[in-house]
Colleague: 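Take this structure first; my questions come after.
Keep in mind it's a predicted model, so treat the numbers as computed, not measured. Scope of the values below: all heavy atoms of this structure, side chains included, with no hydrogens, waters or symmetry mates. Order of the sequence lines sets the chain letters (A, B, ...), proteins ahead of strands, with each chain counted from 1.
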There are 2 protein chains.
Amino acid sequence: MATHQNTARDPQQRTAPPPGAQVPNDGSGVAECRQVLQIISLVGNKWSILVIGHLRDRTLRFSELHRAVDGISQRMLTLTLRQLERDGLLTRTVHPTVPPHVEYALTTLGTTLLDSVATLGRWATTHRQEIDDNRLHYDTAHSARTPT
Amino acid sequence: MATHQNTARDPQQRTAPPPGAQVPNDGSGVAECRQVLQIISLVGNKWSILVIGHLRDRTLRFSELHRAVDGISQRMLTLTLRQLERDGLLTRTVHPTVPPHVEYALTTLGTTLLDSVATLGRWATTHRQEIDDNRLHYDTAHSARTPT
DNA sequence: CGGTATCCAGCCTGATACTG
DNA sequence: CAGTATCAGGCTGGATACCG
């Protein structure tokens with residue numbers, strides 16, 4: 001949604017953070033949603049969260065991540081990794097060997113983020129069934145347009 | 001990303017929840033990311049979180065929401081509202097008056113979600129500056145490709 | 001092995017117009 | 001006022017090919 005990765009160009013062009021709007025909130029206010037949007041845009045890359053999730057316990061190499069995430073393309077992995085690196089969520093360590101070795105490790109910031117999304121994860125786990133149930137109910141009530 | 005709202009058609013076609021993969025996690029595990037993805041897809045609609053955020057304190061009518069969210073198109077508002085309603089995050093109450101009155105109210109489920117995203121909101125607020133700093137640092141170090 | 005650049009398809013999004 | 005339908009555009013994301 002604001003992930004700047006169209007064709008791997010202008011990597012910072014879209015970051016247009018308008019100043020002001022700095023209100024003391026508890027984190028769930030209306031004005032705070034904007035902040036959250038940034039984060040969910042950051043994490044809502046669909047791959048970002050997967051990547052940092054895999055990086056949670058140990059550092060991984062590029063190909064290891066490529067295998068681990070399973071389904072991500074090389075392009076998206078690179079893009080995601082670079083963005084995450086840019087945001088300071090992970091570090092990229094290049095070992096100048098003949099076959100290049102690149103290690104990706106989660107930073108403290110990344111760990112804290114993972115910890116925060118864990119809250120959402122718990123909510124998801126807790127209410128997934130409920131939501132699924134609601135959807136089914138809703139869909140049933142709306143697809144019942146063939147009576148008589 | 002998985003928001004099913006292409007042209008207001010097949011509202012439940014994409015919900016392909018494969019069974020299994022039910023592991024007891026703490027909410028931050030790798031396998032748990034899938035669950036979170038559903039939620040951030042649910043909330044990452046960019047408008048969804050804004051809408052439920054505005055609905056947090058009081059119920060609102062369609063046009064009120066339209067004005068409040070400011071920037072959302074009628075189409076997206078409707079789509080978002082219907083999705084949220086489908087998921088059981090809010091209720092839609094139609095008052096059969098001559099000028100149609102439709103009230104949207106957050107459900108308990110919606111409130112709990114809002115509470116969970118508040119955690120992310122707090123994280124965002126806390127580390128926004130840090131991330132911004134990291135980005136600037138990263139961009140600076142990478143745009144310094146014009147020496148000599 | 002790690003990464004970049006290009007091409008291309010699909011989806012999301014927004015604007016507009018019309019109906020009840 | 002509330003909502004639906006249609007059209008057009010922008011962005012995201014995947015596959016492929018090639019470089020260091």
Colleague: side-chain hydrogen bond (donor to acceptor under 3.5 Å, both in side chains) with A:Thr111: which residues, sequence neighbours excluded?
Modeller: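 With sequence neighbours excluded, A:Thr111 shows a side-chain hydrogen bond (donor to acceptor under 3.5 Å, both in side chains) to no residue whatsoever.
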Colleague: List for me each residue that meets ring pair (Phe, Tyr, Trp, His ring centres under 6.0 Å) alongside A:His66, sequence neighbours excluded, and say none if there are none.
Modeller: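 Ring pair (Phe, Tyr, Trp, His ring centres under 6.0 Å) list for A:His66, sorted by chain: empty.
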Colleague: What pairs with A:Glu64 under side-chain hydrogen bond (donor to acceptor under 3.5 Å, both in side chains), at least two apart in sequence or on another chain?
Modeller: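 Per chain and number, A:Glu64 pairs via side-chain hydrogen bond (donor to acceptor under 3.5 Å, both in side chains) with A:Arg58.
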Colleague: Taking only residues two or more places apart in sequence, or in another chain, which ones meet A:Glu130 in a side-chain contact (heavy atoms from CB on, under 4.5 Å)?
Modeller: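 Checked A:Glu130 against side-chain contact (heavy atoms from CB on, under 4.5 Å); matches are A:His127, A:Asn134, B:Leu109.
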Colleague: For A:Thr126, check side-chain hydrogen bond (donor to acceptor under 3.5 Å, both in side chains) against everything at least two apart and list the hits.
Modeller: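 Testing A:Thr126 for side-chain hydrogen bond (donor to acceptor under 3.5 Å, both in side chains), a comparison that skips the adjacent residues, returns none.
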Colleague: Which of residues 95-107 of chain A have a heavy atom under 4.0 Å from DNA chain D?
Modeller: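 Correct list: A:Pro100.
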Colleague: Does any donor-acceptor pair link the side chain of A:Gln74 with the base of C:dG3 at a separation under 3.5 Å?
Modeller: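 Under the 3.5 Å cut-off, the side chain and the base do form a donor-acceptor pair.
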Colleague: Choosing from D:dG13, D:dG3, D:dG14, which nucleotide comes nearest the side chain of A:Asn45?
Modeller: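 Selected nucleotide: D:dG13.
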Colleague: Counting heavy atoms from C-beta on, name the nucleotide in C:dT4, D:dC1, C:dT13 closest to the side chain of A:Arg82.
Modeller: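 Comparing C:dT4, D:dC1, C:dT13 against the side chain of A:Arg82, the answer is C:dT4.
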Colleague: Can you sort out the partners of B:Phe62 under ring pair (Phe, Tyr, Trp, His ring centres under 6.0 Å), two or more places apart, ordered by chain and number?
Modeller: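 Counting only residues at least two positions away or on another chain, B:Phe62 forms no ring pair (Phe, Tyr, Trp, His ring centres under 6.0 Å).
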Colleague: By ring pair (Phe, Tyr, Trp, His ring centres under 6.0 Å), which residues pair with A:His54, not counting sequence neighbours?
Modeller: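 In terms of ring pair (Phe, Tyr, Trp, His ring centres under 6.0 Å), with neighbours along the sequence ignored, A:His54 is linked to no residue.
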Colleague: Using the C1' atoms of the five pairs at each end, what is the angle between the end axes of the helix from C:dC1-D:dG20 to C:dG20-D:dC1, to 10°?
Modeller: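 Answer for the end axes of this duplex: 40°.
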Colleague: Just the rounded figure in Å: distance from C1' of C:dG14 to NE2 of B:His66.
Modeller: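 Distance check: B:His66 NE2 to C:dG14 C1' gives 11 Å.
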Colleague: Among C:dG3, D:dG3, C:dG14, which nucleotide has an atom closest to any side-chain atom of A:Arg92?
Modeller: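 Between C:dG3, D:dG3, C:dG14, the one nearest the side chain of A:Arg92 would be C:dG3.
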